[in-house]
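A note on names: the letters A, B, ... follow the listed sequences, proteins ahead of strands, and every chain is numbered from 1.
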Protein chains: 2
Amino acid sequence: MKRRQTHSTQEILELLKAENQAMNHEMIQSKLDSQVNRATIYRVLNRFCEDGIVHKIVGDDGKQYFAFCLNCTQKKHNHNHFHFRCIQCGKVECLEKEVSISLPEGYVLENFNGLISGTCNDCT
Amino acid sequence: MKRRQTHSTQEILELLKAENQAMNHEMIQSKLDSQVNRATIYRVLNRFCEDGIVHKIVGDDGKQYFAFCLNCTQKKHNHNHFHFRCIQCGKVECLEKEVSISLPEGYVLENFNGLISGTCNDCT
DNA sequence: TATATTATTGCAACAATGTCGCATTAAAAA
DNA sequence: TTTTTAATGCGACATTGTTGCAATAATATA
């Protein structure tokens with residue numbers, strides 16, 4: 001099953017690259033030039049995640065946010081960092097520093113989801 | 001506005017104290033002896049959160065989990081720790097160690113939400 | 001270039017989560 | 001016992017995210 005490039009996939013990927021923040025489907029939809037169906041946006045984003053191009057964070061608002069992978073190679077993904085969500089302006093940005101958490105014996109990490117919400121510098 | 005003790009509030013609080021894990025509304029509802037309405041459960045839990053008796057974690061499944069506050073005084077709440085959610089059995093437990101994250105200048109922390117999902121010791 | 005193949009899309013429908021208004025019930029105060 | 005009003009149950013709702021299916025369009029093939 002090979003991936004195909006479509007208008008939607010290209011636009012969404014470019015948007016995610018351009019914006020330096022994680023976005024949920026609504027933010028993405030409103031920023032796209034062409035109109036893309038909601039279901040399609042989710043499918044595109046989930047495919048990107050499967051391919052390791054994009055990573056997904058679930059906010060403390062319960063929504064899924066997607067961000068273009070930086071500093072990630074095909075093999076190794078570094079997503080052990082926190083994201084900061086501003087409750088005023090809604091921006092979700094990376095807090096660069098990697099965080100290491102040691103799990104108890106026998107525990108296997110599958111997904112790291114660190115999120116801090118509050119007020120960002122612009123909104124203080 | 002004073003709080004009243006009802007069957008629902010008592011049962012829910014006892015359950016949260018007894019179980020040593022964070023639970024979402026569904027887990028709570030199914031473990032209650034008496035039948036309590038879904039909306040009521042949410043309202044009770046949110047009141048507990050307001051009162052600082054219980055804290056809320058949003059899982060990477062997008063659901064709200066509630067846990068009885070341990071080691072918290074009325075004044076000081078220590079919720080800067082991670083939770084571990086097992087994707088097999090659904091259990092959500094505390095990872096005791098406190099984590100300190102330094103935010104950039106001008107950023108104000110409102111809520112810490114650290115969650116790691118994977119497989120727990122029982123399910124490996 | 002024209003045709004065949006099939007990944008992708010849009011649409012509609014759906015499940016699930018969480019919230020809210022409102023009338024009713026039942027704690028707690030008088 | 002009566003009064004006050006916080007809490008409940010019910011129904012309705014908004015929102016998020018997913019899925020089945022027919023139509024479309026990107027790529028491979030002739």
Does F48(B) reach the side chain of F66(B), with side-chain heavy atoms less than 4.5 Å apart?
no
Would a 4.5 Å heavy-atom cut-off, applied to side chains only, mark L13(B) and V44(B) as touching?
no
What are the two closest heavy atoms between [X] and [Y], and how far apart are they?
X: P104(A); Y: L95(B); answer: CD-CD2, 4.0 Å
X: I57(B); Y: A67(B); answer: CD1-CB, 4.4 Å
X: V108(A); Y: L103(A); answer: C-CD1, 4.2 Å

Rounded to whole Å, how long is the line connecting atom [atom1] of [X] with atom [atom2] of [N]?
X: E11(A); N: dA25(D); atom1: CD; atom2: C1'; value: 16 Å
X: E26(B); N: dA15(C); atom1: CD; atom2: P; value: 15 Å
X: H25(B); N: dT19(C); atom1: NE2; atom2: C1'; value: 13 Å
X: D60(A); N: dT17(C); atom1: CG; atom2: P; value: 19 Å
X: M27(B); N: dA16(C); atom1: CE; atom2: P; value: 16 Å
X: Q35(B); N: dG9(D); atom1: CD; atom2: C1'; value: 12 Å
X: R47(B); N: dA27(C); atom1: CZ; atom2: P; value: 13 Å
X: M23(A); N: dT16(D); atom1: CE; atom2: P; value: 16 Å

Mind checking side chain to side chain contact (heavy atoms under 4.5 Å, CB included) for D61(B) and listing every partner two or more places apart, or none if nothing turns up?
K63(B), Y65(B), R85(B)
Please list, by residue number, the residues of residues 39-46 of chain A whose heavy atoms come closer than 4.0 Å to an atom of DNA chain C; answer none if no residue qualifies.
A39(A), T40(A), R43(A), V44(A)
In terms of the angle between their ring planes, are H55(B) and H81(B) parallel, tilted or perpendicular, with boundaries placed at 30° and 60°?
perpendicular
Parallel, tilted or perpendicular, as decided by the 30° and 60° cut-offs, for the rings of F84(A) and Y107(B)
perpendicular
For D122(B), does the CG atom sit with more than 12 other heavy atoms under 6.0 Å from it, leaving out its own atoms?
yes
Could you tell me whether Q35(B) atom CD has more than 12 heavy atoms of other residues or ligands within 6.0 Å of it?
no
Qualifying salt bridge (Lys or Arg N to Asp or Glu O under 4.0 Å) pairs with a residue from residues 108-118 of chain B, counting only residues at least two apart or across chains
none
Using 0.5 Å steps for rounding, measure from the CD1 atom of I12(A) to the CZ atom of R43(A).
11.5 Å
Taking the ring centre of each residue, are F112(B) and F82(A) less than 6.0 Å apart?
yes
Quick one: bend of the helix from dT1(C)-dA30(D) to dA30(C)-dT1(D) from 5 pairs per end, to 10°?
30°
Under 4.0 Å between a side-chain N/O of N37(B) and OP1 or OP2 of dT8(D), yes or no?
no
Report each atom pair, protein N/O against N/O of nucleotides 12-15 of chain D, whose distance is under 3.5 angstrom.
none

For Q5(B) and Q10(B), indicate whether the former's side chain and the latter's backbone hold a donor-acceptor pair under 3.5 Å.
no
Between the protein and nucleotides 26-30 of chain D, which nitrogen or oxygen pairs are less than 3.5 angstrom apart?
| from | atom 1 | to | atom 2 | distance (Å) |
| --- | --- | --- | --- | --- |
| dA26(D) | O3' | Q5(A) | O | 3.3 |
| dA26(D) | N3 | R4(A) | NH1 | 3.0 |
| dT27(D) | OP1 | Q5(A) | N | 2.9 |

